[in-house]
Amino acid sequence: INLVTTAMDFSFMGGSMGMQVGEGIVLASQLAKELKSPLLIIASSGGARMQEGILSLMHLPRTVAAIEIFKETKLPYIVLFTNPVTGGVSASFTMLGDILIGEPKSVIGFAGRRVIQDTVRETLPDNFQTAEYVKEHGGIDLVVERKYLNSTIGTLLRVLLKKSEAQAKNESNVSVSQPISSAS
């Protein structure tokens, strides 16, 4: 099964989404559409890159529009939430996936725990904003350990694309493009 994949890198500036990252998401969705391939985004981000100001924030709706255009193909769009995915990234293109997968104990949320607790003036549960909590409350579909991700995503794609395992093995060509840098 061909699959277009892009990943965010939390080790660089907290995985913040700047113009280059936004452009990478747009290009990945366009490539997936052009290749008629499913799209997998592996997200890990503290949100939009404030150092780029409005230019960074403009990429949130831009990525949403690009994903919506890709979704017209009716091909699967899968999002993998690694630790953490917060801010505008969690509130935009990542929540639009057909299948949303979280790694165990990853933090998934828009605002931080303290901000929410101060706003609602209640003590939040200890597991608040973990992948397990978000799944339990209908925000994501699956929580999957990293060692099972390959087989889980492969099975999901075969089911969603209605392909047998034999067909998938015969079509095991993998296209690799340049990684998307979060620098700039």
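It should be emphasised that the depicted structure is a prediction, and the values quoted were computed from it without experimental measurement.
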Distance (rounded to the nearest 0.5 Å) between [X] [atom1] and [Y] [atom2]:
X	Y	atom1	atom2	result
Thr82	Arg146	OG1	CZ	6.5 Å
Leu39	Gln30	CG	CD	11.5 Å
Thr152	Lys147	OG1	NZ	11.5 Å
Met8	Ile42	CE	CD1	11.5 Å
Ile67	Ser92	CD1	OG	9.5 Å
Glu68	Thr63	CD	OG1	10.5 Å

CA sep, side-chain torsions, deciding dist, call: Met17, His59, side chain to side chain contact (heavy atoms under 4.5 Å, CB included): CA-CA 8 Å; Met17 190 177 116; His59 280 78; 3.5 Å; yes
Might you point out which heavy atoms bring [X] and [Y] nearest each other, and give the distance in Å?
X	Y	result
Ile101	Ile99	CG1-CG2, 3.9 Å
Val79	Thr94	CG2-O, 3.3 Å
Ile140	Ala131	CD1-O, 3.5 Å
Val89	Ser45	CG2-OG, 3.4 Å
Met19	Ser56	CG-N, 4.4 Å
Ser16	Val21	O-CG2, 3.9 Å

Note, [X] side chain near [Y] side chain (heavy atom, < 4.5 Å):
X	Y	answer
Ile116	Gln129	yes
Val143	Val134	no
Pro84	Ser106	no
Thr73	Lys36	no

Within a radius of less than 6.0 Å around NZ of Lys135, do more than 12 heavy atoms belonging to other residues, nucleotides or ligands occur? no
Full working for side chain to side chain contact (heavy atoms under 4.5 Å, CB included) between Met95 and Phe81: CA-CA 10 Å; Met95 285 298 177; Phe81 293 84; 4.1 Å; yes
Do [X] and [Y] sit in the same hydrophobic cluster, where Ile, Leu, Val, Met, Phe, Trp and Tyr count as joined when their side-chain heavy atoms come under 4.5 Å apart?
X	Y	result
Phe93	Phe110	no
Tyr148	Leu160	yes
Ile69	Val4	no
Leu57	Leu55	yes
Leu31	Leu161	yes

Test Ile153 against Val144 for side chain to side chain contact (heavy atoms under 4.5 Å, CB included), laying out the working first. CA-CA 10 Å; Ile153 292 170; Val144 179; over 6 Å; no
Let me see the working for Glu122 and Gln117 under side chain to side chain contact (heavy atoms under 4.5 Å, CB included), right down to the final yes or no. CA-CA 6 Å; Glu122 292 179 21; Gln117 212 161 255; 5.9 Å; no
Is Thr130 reaching over with its side chain to a backbone N or O of Val107, donor-acceptor style, under 3.5 angstrom? no
Kindly say whether Tyr77 contributes a backbone atom to a donor-acceptor pair with the side chain of Asp98 at under 3.5 angstrom? yes
Taking Glu103 as the fixed residue, which of Val85, Leu80, Asn83 is the one that meets the side-chain contact (heavy atoms from CB on, under 4.5 Å) rule? Leu80
